[in-house]
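Let me begin by presenting the structure, written as structure tokens, before commenting on it.
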Amino acid sequence: ANAQGCSDAGFCTLGSLKSNFDFEKKDSNSINEKEFKNTIGVGFSYGLGEDKNNNFNPFLIYNRKLTKHVELQTKLTSAFIQGKVANANNISDICIATNTSIFLKDKKPKLHQRLNIIAGIKIPFSTANFKKNGQALPMAYQPSLATVDIIAGINYIVFGFEINGAFQIPIVQINKN
């Protein structure tokens, strides 16, 4: 059987698969976005992994609005893993994606519909071959799965509610573990 471990490839936070609403307006029906041509963001996630590993995952995001409806996003991820077996840290992956927004004509006033389509790729920065004393560490200690993945998603927004769907398919395996 072929299988791969779980990773935060990041497709849940790529492009439109995250909220784009301006919540400062306190209007859940509003789809108005802050209009910046370039944005940079940082983030951090923490997870308790296999064998109670502490997984600290900072990331850096750069967005470039190319047109009124098309945006390019680059997300650089990293991992700091502390566990019983070893400590490992490295830059993990880079995700590059486009987000295309399609504003749907409302049949009813104030329906505020939008459809977003994402297409992207995830590229690893390592071959998942971190070792301790010459022995390969388990995948739980590898900052990346070492796969090049295609990412695609769709996001439908109506009345401020979002419905999301996405998939990620590994197309190249460079894992040396």
Side-chain angles (χ1 to χ4, degrees), residues 6-49 54-81 88-106 110-126 142-172 174:
C6 180
S7 80
D8 175 14
F11 73 73
C12 292
T13 59
L14 280 175
S16 62
L17 297 179
K18 62 176 177 45
S19 180
N20 290 330
F21 296 134
D22 183 356
F23 288 106
E24 293 174 6
K25 291 187 177 185
K26 309 280 191 240
D27 181 0
S28 64
N29 291 332
S30 175
I31 303 182
N32 295 328
E33 295 181 27
K34 294 179 179 178
E35 292 293 327
F36 294 108
K37 191 161 189 136
N38 297 289
T39 58
I40 295 176
V42 294
F44 180 87
S45 66
Y46 168 80
L48 191 59
N54 289 298
N55 295 289
F56 303 94
N57 304 100
F59 56 87
L60 177 66
I61 296 176
Y62 170 71
N63 289 308
R64 170 77 177 177
K65 196 158 192 79
L66 302 174
T67 70
K68 183 178 179 182
H69 299 283
V70 179
E71 180 179 304
L72 179 68
Q73 183 179 74
T74 305
K75 180 179 179 185
L76 180 64
T77 61
S78 59
F80 296 86
I81 304 159
N89 57 56
N90 201 18
I91 295 174
S92 302
D93 305 301
I94 189 166
C95 298
I96 303 167
T98 61
N99 175 17
T100 303
S101 294
I102 303 166
F103 291 89
L104 306 172
K105 291 186 179 181
D106 294 338
K110 297 185 181 180
L111 192 56
H112 300 291
Q113 302 181 80
R114 185 173 70 198
L115 184 67
N116 295 300
I117 299 169
I118 280 191
I121 188 165
K122 175 188 74 86
I123 303 167
F125 277 101
S126 77
Q142 303 295 339
S144 174
L145 291 177
T147 59
V148 176
D149 300 354
I150 290 176
I151 299 168
I154 192 165
N155 163 267
Y156 174 67
I157 301 172
V158 62
F159 286 125
F161 292 98
E162 298 184 43
I163 300 169
N164 297 297
F167 69 89
Q168 177 177 340
I169 299 173
I171 55 170
V172 177
I174 61 171

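Being a predicted model, the structure only gives us computed values, none of them experimental. Index from 1, following the sequence.
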In Å and rounded to the nearest 0.5 Å, what is the [atom1] to [atom2] distance from [X] to [Y]?
X      : Y      : atom1 : atom2 : result
Asn63  : Lys37  : CG    : NZ    : 13.5 Å
Ile169 : Asp149 : CD1   : CG    : 9.0 Å
Ile154 : Leu115 : CD1   : CG    : 4.5 Å
Asn99  : Asn155 : CG    : CG    : 8.0 Å
Arg64  : Thr39  : CZ    : OG1   : 10.5 Å
Glu71  : Leu66  : CD    : CG    : 8.0 Å

Only one of Gln113, Arg114, Glu162 passes side-chain hydrogen bond (donor to acceptor under 3.5 Å, both in side chains) with Tyr156, and that residue is Gln113

Contact summary for [X] and [Y], nearest pair of heavy atoms:
X     : Y      : result
Ala97 : Ile118 : CB-CG2, 4.3 Å
Asn90 : Ser126 : ND2-CB, 3.8 Å
Asp93 : Ser144 : OD1-OG, 2.7 Å

Check: Would Thr77 and Asn57 count as a side-chain contact (heavy atoms from CB on, under 4.5 Å) if you check the C-alpha gap in whole Å, the side-chain angles of each, and the deciding distance to 0.1 Å?
Finding: CA-CA 7 Å; Thr77 61; Asn57 304 100; over 6 Å; no

* Asked: Going by heavy atoms in the side chains, are Gln142 and Ile81 under 4.5 Å from each other?
  ->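 Side-chain contact under 4.5 Å: no.
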
Taking side chain as C-beta onward, heavy atoms only, is Phe80 less than 4.5 Å from Pro58?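 Phe80 reaches Pro58 side chain to side chain.
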
inquiry  = Determine whether a donor-acceptor pair (N or O, by modelled atom type, separation under 3.5 Å) exists between the side chain of His69 and the backbone of Ile102.
reply    = no

Applying side-chain contact (heavy atoms from CB on, under 4.5 Å) to Phe56 and Asn89, what does each step give before you reach the verdict? CA-CA 9 Å; Phe56 303 94; Asn89 57 56; over 6 Å; no

Residue set satisfying side chain to side chain donor-acceptor pair (under 3.5 Å) with Asn54, at least two apart, ordered chain then number -> Tyr46

- prompt: Can you name the residues that form a side-chain contact (heavy atoms from CB on, under 4.5 Å) with Ala146, not counting sequence neighbours?
  reply: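 Per chain and number, Ala146 pairs via side-chain contact (heavy atoms from CB on, under 4.5 Å) with Ala128, Ile174, Asn175.
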
State which residues pass side-chain contact (heavy atoms from CB on, under 4.5 Å) with Val148; sequence neighbours excluded, sorted by chain then number.
->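 Result, side-chain contact (heavy atoms from CB on, under 4.5 Å) vs Val148: Ile121, Pro124, Ile171, Val172.
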
